[in-house]
Amino acid sequence: MRQVKQIANNKKARHDFFIEDTYETGIVLTGTEIKSIRQGKVNLKESFAKVENGEVLVYGMHISPYEQGNRYNVDPLRPRKLLLHKREIRKLIGLTTQKGFTLVPLRLYLNERGRAKMELAVARGKKLYDKRDDIAKRDAQRRMQRERY
């Protein structure tokens with residue numbers, strides 16, 4: 001069984017998108033960024049990923065500056081490169097350009113070796129009526145659970 005420590009979760013992504021497929025990616029970080037991540041100072045709420053020049057970059061992921069980092073701290077919102085195999089990147093290029101999918105980070109975690117990993121989803125946007133339908137289903141499930149006990 002894998003030992004992972006979850007750092008950040010993007011709950012809004014599952015509300016706003018239909019998740020089609022997920023990938024585990026590595027992230028290129030500086031030393032002060034990984035120290036901030038280990039302290040849990042990360043926000044994925046408004047983040048998204050794009051494929052540019054054969055590389056996958058994540059935008060909008062906020063990593064707070066490390067307190068003892070002084071001059072080694074970098075811009076908290078800078079684009080960060082994601083590490084994927086070339087065949088996976090080619091597949092993502094095909095999906096995002098042709099079928100109208102987008103790349104959304106779902107969660108950030110540390111694996112058993114202490115490496116920061118990101119779960120990246122290939123997702124399709126939900127319409128307002130889809131969101132309302134999901135909320136109604138969830139409420140019905142809760143009512144059934146409550147009446148069972």
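Quick note: numbers below take in every heavy atom, side chains included, and nothing from hydrogens, waters or symmetry partners.
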key: More than 12 heavy atoms of other groups within 6.0 Å of Tyr72 OH   = no
CZ-CD distance between Arg107 and Gln6, expressed to the nearest 0.5 angstrom = 5.0 Å
key: Euclidean distance, Leu57 CG relative to Arg78 CZ, rounded to 0.5 Å   = 10.0 Å
inquiry  = Less than 4.5 Å apart, side chain to side chain, heavy atoms only: is that true for Arg138 and Arg142?
reply    = yes
query = Got a salt bridge between Arg143 and Asp139, using NZ or NE/NH1/NH2 to carboxylate O under 4.0 Å?
reply = no
task = Identify whether Leu95 and Ile93 are in the same connected component of the hydrophobic contact network (ILVMFWY, side-chain heavy atoms under 4.5 Å).
result = yes
ask   = Would a 4.5 Å heavy-atom cut-off, applied to side chains only, mark Asp16 and Val104 as touching?
value = no
query = Side chain of Asn111, backbone of Arg113: donor and acceptor closer than 3.5 Å?
reply = yes
message = Taking Ile34 as the starting point, is it possible to reach Leu108 by hopping between hydrophobic residues whose side chains are less than 4.5 Å apart?
response = yes
inquiry  = Do Arg80 and Glu33 make a side-chain contact, defined as non-hydrogen atoms from C-beta onward lying under 4.5 Å apart?
reply    = yes
inquiry  = So, applying side-chain hydrogen bond (donor to acceptor under 3.5 Å, both in side chains) with Tyr109, which one of Arg115, Glu24, Lys5 is it?
reply    = Glu24
Val122 and Lys91, any side-chain heavy atoms less than 4.5 Å apart = no
key: Shortest non-hydrogen contact from Asn73 toward Tyr66   = ND2-O, 2.9 Å
Nearest heavy atoms of Gly40 and Ile7, plus distance in Å = CA-CG2, 3.8 Å
inquiry  = Keeping Asn10 on the side-chain end and Pro105 on the backbone end, is there a donor-acceptor pair under 3.5 Å?
reply    = yes
task = Hey, could you give me the CG/OH distance between Leu103 and Tyr59, rounded to the nearest 0.5 Å?
result = 11.5 Å
request  = Verify, without hydrogens or angle tests, whether Thr25 (side chain) and Met118 (backbone) share a donor-acceptor contact under 3.5 angstrom.
outcome  = yes
request  = Evaluate side-chain contact (heavy atoms from CB on, under 4.5 Å) for Leu92 paired with Tyr23, printing each intermediate quantity in order.
outcome  = CA-CA 10 Å; Leu92 292 177; Tyr23 294 91; 3.5 Å; yes
note = To the nearest 0.5 Å, atom CD of Glu55 lies from atom CG of Leu84 at 11.0 Å
request  = Indicate yes or no: at least one non-hydrogen side-chain atom of Ile135 is less than 4.5 angstrom from one of His15.
outcome  = yes
Intermediate values then yes/no, side-chain contact (heavy atoms from CB on, under 4.5 Å), Leu82 and Ile27 = CA-CA 5 Å; Leu82 298 180; Ile27 313 168; 3.9 Å; yes
message = Once rounded to the nearest 0.5 Å, what's the spacing between atom CG of Leu128 and atom CG of Asp133?
response = 11.5 Å
message = Please determine whether side-chain contact (heavy atoms from CB on, under 4.5 Å) holds for the pair Val58 and Leu120, giving the CA-CA distance in whole Å, both sets of side-chain angles, and the decisive distance to 0.1 Å.
response = CA-CA 10 Å; Val58 65; Leu120 187 69; 5.9 Å; no
task = Please report the closest heavy-atom contact between Gly26 and Lys117, naming both atoms and the distance.
result = CA-CD, 4.2 Å
key: Flag side-chain contact, heavy atom, 4.5 Å: Ile37 against Leu29   = yes
query = Just wondering, are more than 12 heavy atoms of other shown residues or ligands nearer than 6.0 Å to NZ in Lys12?
reply = no
task = Kindly say whether Leu110 contributes a backbone atom to a donor-acceptor pair with the side chain of Arg38 at under 3.5 angstrom?
result = no
query = So, for Ala13 and Leu106, which heavy atoms are closest and what is the spacing to 0.1 Å?
reply = CB-CD2, 3.8 Å
key: Gap between atom NZ of Lys41 and atom NE2 of His62 - 0.5 Å precision   = 11.0 Å
